[in-house]
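Single-structure report; data block below.
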Amino acid sequence: MKLLKVSVPNFRNLKNVELTFEPSLKPAVFPIGSENGGGKSTLLQLIFVLLTCSLDDNKNIYLSNFLISVIDNFQDTDEIAQFELNYQGEIINFTFTYLDENDSDNQKIIKFTKEILNFKKDLQDKSKEITNIDQIISEKRREYMGESSGLVEKKSKDIEKLEEGKQTLILQQEEIKQYIKSTNSRLLIYQKELKILCCNYIAAQDKWMICKTNIDNFEISYKAFAYASKNIYLVTPPTQMFLFFDREIKKLMDGNFADYYNKVNAIRKQIANIYIYNQLSIIAIKHAFKQAREQDFKTALENDNLEYGTELKGLAEDFHQFLGNDKYIKPSPDMNSIIVERKISENEFIELEPEELSHGELKKLGLYAWIKYNNINDSIILIDEIENGFHPDWQYNIVNELASWGDNQYLLATHSFYLCEVLTPAHVKEIEPKMLNPNSEE
């Protein structure tokens with residue numbers, strides 16, 4: 001899968017943006033530049049949120065959070081963005097558009113989507129009722145001990161009534177599931193006819209968003225969209241503002257960082273494809289060592305001589321190459337932490353705390369560990385401010401290193417001319433206002 005083109009007519013500070021990512025250009029690493037405030041981070045988050053959250057009802061809240069602050073600037077059928085992807089050799093266009101409640105062309109799509117949302121809400125409400133009944137039944141049963149037979153008999157009858165009510169709710173749930181299935185079938189007919197892959201309700205503004213495809217093969221378009229939603233990643237520094245969080249969480253960045261990070265980590269459990277350096281760097285490194293150990297153990301089991309593999313040793317050597325000649329990193333004996341050593345003479349080492357590694361060292365090690373040992377391949381990886389904390393040499397080298405870590409496409413929001421100079425001018429994409437080259441003559 002590769003992203004070939006992004007078009008954004010008018011979203012926040014992005015105006016008439018059109019970027020192409022040519023598949024013929026190697027490596028598949030594309031810096032995206034502009035001056036501060038040009039919208040680089042917004043663009044990465046726009047791509048990520050639209051592709052990640054649109055097909056999943058559980059992530060609709062993040063889509064709504066992201067769109068709510070700009071939705072009033074749009075007319076009834078204004079376009080948000082267009083993405084063109086190459087999926088298994090098929091070129092597919094995805095167009096995201098706002099709709100008004102009364103849009104005549106898509107009235108049935110909205111009608112059936114609304115019905116499904118209401119059915120799902122009823123289903124959740126009945127699940128809560130069943131949970132409450134189970135709790136009451138458990139409490140009544142606990143009260144049996146030490147009570148007279150008369151009270152036990154009375155409570156047994158109460159429990160029977162509660163069980164009957166629970167069974168009624170379960171039957172109602174099954175009916176609702178059938179309604180959802182039937183409505184989904186009718187909805188799918190109109191989706192295929194209109195080439196609409198999804199329809200999302202933006203509750204706070206009573207608006208709708210649809211994603212429309214350009215090809216007749218609905219199944220391949222939907223499959224491509226579903227694949228993209230699971231194989232696109234957003235990588236950011238810990239200070240990055242996530243525009244798809246709600247306002248209360250974003251306010252925590254003004255000072256209460258501990259609470260903010262706790263909220264971020266909770267949300268990451270729902271949107272798993274977010275990686276935050278350096279907050280997660282040590283965790284990623286520990287996980288990589290554990291994965292390498294498991295692979296070595298698996299190799300031994302598959303080998304007649306029970307000979308272990310060399311994944312763990314190779315990973316430690318890779319980390320050593322990243323850190324330079326005098327620093328080494330390895331897992332602790334219990335695999336629950338990492339040990340960092342610095343060589344001070346031929347046979348003498350001193351141990352460092354992992355946190356003593358520089359921001360850039362942790363970031364590079366963590367990124368490598370995260371990409372390689374999560375087997376991230378054939379994916380789109382959106383990285384914001386990758387150059388922060390990197391020496392110019394590391395900024396220069398990171399392009400080829402990223403390309404060697406997996407068959408992925410990388411879009412890098414950056415201010416680094418060192419990074420851009422590694423690639424051809426065609427690789428570098430700019431949005432207004434463009435960066436000013438410090439080496440150019442005025």
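For residues 213-229, the side chain to side chain donor-acceptor pair (under 3.5 Å) pairs, not counting sequence neighbours, are Lys192-Glu219, Lys195-Asp216, Thr213-Ser221, Tyr227-Asp378. Sorted by first and then second residue, the side chain to side chain donor-acceptor pair (under 3.5 Å) pairs with a member in residues 289-301 form an empty list; sequence neighbours excluded. For residues 15-41, the set of pairs meeting the ring pair (Phe, Tyr, Trp, His ring centres under 6.0 Å) definition, not counting sequence neighbours, comprises Phe21-Phe30, Phe30-His427. Applying the salt bridge (Lys or Arg N to Asp or Glu O under 4.0 Å) test to every pair with at least one member in residues 227-239, sequence neighbours left out, gives no pairs at all. Residue pairs meeting the ring pair (Phe, Tyr, Trp, His ring centres under 6.0 Å) criterion with at least one partner in residues 229-254, sequence neighbours excluded, are Tyr233-Trp370, Phe242-Phe244, Phe242-Phe245.
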side-chain contact (heavy atoms from CB on, under 4.5 Å), that's the test. Do Ile398 and Leu412 meet it? Break it down for me. CA-CA 11 Å; Ile398 193 64; Leu412 313 178; 5.6 Å; no
Audit row: Tyr275, Ile381, side-chain contact (heavy atoms from CB on, under 4.5 Å) steps and yes/no: CA-CA 10 Å; Tyr275 178 81; Ile381 303 181; over 6 Å; no
Run Tyr87 and Phe225 through ring-ring contact (aromatic ring centres under 6.0 Å, His included) and show every step you take. CA-CA 9 Å; Tyr87 174 73; Phe225 198 174; over 10 Å; no
Are Lys59 and Thr52 close enough, and set up right, to give a side-chain contact (heavy atoms from CB on, under 4.5 Å), and what steps lead you there? CA-CA 8 Å; Lys59 298 174 184 175; Thr52 302; 3.9 Å; yes
Step by step, would you call Asp259 with Ile249 a side-chain contact (heavy atoms from CB on, under 4.5 Å)? CA-CA 9 Å; Asp259 282 353; Ile249 295 177; over 6 Å; no
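Taking CG of Asn10 as the start and CG of Asp78 as the end, the distance is 7.5 Å to the nearest 0.5 Å. Note that OG of Ser64 is 13.5 Å distant from NZ of Lys207, once rounded to the nearest 0.5 Å. Taken from CD in Glu361 to OG in Ser281, the straight-line distance is 11.5 Å, to the nearest 0.5 Å. Going from atom CG of Leu234 over to atom CD of Gln45 covers 6.0 Å, rounded to the nearest 0.5 Å. Atom NZ in Lys2 sits 9.5 Å away from atom CG in Leu4 (nearest 0.5 Å). Separating the CD1 atom in Ile371 from the CD1 atom in Ile376 is a distance of 6.0 Å, to the nearest 0.5 Å.
Salt bridge present: Asp125 and Lys121 bring a charged side-chain N and a carboxylate O closer than 4.0 Å. Between Glu387 and Lys363, none of the side-chain N atoms (NZ, or NE/NH1/NH2) sits under 4.0 Å from a carboxylate O, so this pair counts as no salt bridge.
Formation of a donor-acceptor pair under 3.5 Å by the Glu79 side chain with backbone atoms of Thr95 is not found in this model. Panel note: side chain Asn408, backbone Ser379; a donor-acceptor pair is recorded below 3.5 Å. At distances below 3.5 Å, at least one donor-acceptor pair connects side-chain atoms of Asn273 with backbone N or O atoms of Ile232. Gln191 places a side-chain N or O within 3.5 Å of a backbone atom of Ile196 that can act as its donor or acceptor partner.
In this structure, a donor-acceptor pair under 3.5 Å is absent between the side chains of Gln270 and Asn58. No side-chain N or O of Asn200 forms a donor-acceptor pair with one of Ser54 less than 3.5 Å apart.
Each of His415, Glu35, Glu430 was evaluated against Lys40; a single residue qualifies, His415, per the side-chain hydrogen bond (donor to acceptor under 3.5 Å, both in side chains) test. Paired with Ile431 under the rule side-chain contact (heavy atoms from CB on, under 4.5 Å), one option of Asn13, Asn16, Leu14 passes, and it is Leu14. Results of the side-chain contact (heavy atoms from CB on, under 4.5 Å) test with Ile282 over Leu365, Leu362, Leu357 single out Leu362 as the only residue that passes.
The minimum heavy-atom distance between Gln240 and Tyr260, with the atom names listed, is O-OH, 3.4 Å. Val340 approaches Pro354 most closely through the heavy-atom pair CG2-CA, 4.0 Å. Closest non-hydrogen pair, Ile47 versus Phe83, comes out as CA-CZ, 3.7 Å. Across all non-hydrogen atoms, the minimal contact from Ile80 to Val8 is O-CG1, 3.7 Å. The minimum heavy-atom distance between Ser34 and Gly39, with the atom names listed, is OG-N, 4.2 Å. Here the closest non-hydrogen pair linking Phe390 and Gly360 is CE2-O, 3.3 Å.
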With a 3.5 Å cut-off and sequence neighbours excluded, list the donor-acceptor pairs that the side chains of residues 311-319 form with protein atoms.
residue, atom, partner, partner atom, Å
Glu311, OE1, Tyr373, OH, 3.4
Asp318, OD2, Tyr368, OH, 2.4

Do any side-chain atoms of residues 173-185 form donor-acceptor pairs under 3.5 angstrom with protein atoms, and if so which ones, sequence neighbours left out?
residue, atom, partner, partner atom, Å
Gln173, NE2, Ser127, OG, 2.9
Thr183, OG1, Tyr179, O, 2.7
Thr183, OG1, Arg186, NH2, 3.4
Asn184, ND2, Ile180, O, 3.4
Ser185, OG, Lys181, O, 3.0

Pairs under 3.5 angstrom only: tabulate donor-acceptor contacts from the side chains of residues 110-119 to other protein residues two or more places apart or in another chain.
residue, atom, partner, partner atom, Å
Lys111, NZ, Glu115, OE2, 2.9
Thr113, OG1, Ile109, O, 2.7
Lys114, NZ, Glu101, OE2, 2.4
Asn118, ND2, Lys114, O, 3.3

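At most 12 non-hydrogen atoms from other residues, nucleotides or ligands lie less than 6.0 angstrom from NZ of Lys5. Environment of NZ in Lys330: sparse, with no more than 12 heavy atoms of neighbouring residues, nucleotides or ligands closer than 6.0 Å. Annotation: Gln172, atom CD; neighbour count of heavy atoms from other residues, nucleotides and ligands within 6.0 Å is above 12.
For Lys263, there are no salt bridge (Lys or Arg N to Asp or Glu O under 4.0 Å) partners two or more places apart in sequence or in a different chain. Asp334 pairs by the salt bridge (Lys or Arg N to Asp or Glu O under 4.0 Å) definition with nothing, not counting sequence neighbours. For Tyr418, there are no ring-ring contact (aromatic ring centres under 6.0 Å, His included) partners, not counting sequence neighbours. Annotation: ring-ring contact (aromatic ring centres under 6.0 Å, His included) contacts of Phe48 (sequence neighbours excluded): none.
Between Tyr98 and Leu67, the closest side-chain pair of non-hydrogen atoms falls below 4.5 Å. At least one side-chain heavy atom of Thr20 sits less than 4.5 Å from a side-chain heavy atom of Lys429. Side-chain contact between Arg268 and Leu280 is present, with at least one heavy-atom pair separated by less than 4.5 Å. Side-chain atoms of Leu3 and Gln409, non-hydrogen and from C-beta on, do get closer than 4.5 Å to each other.
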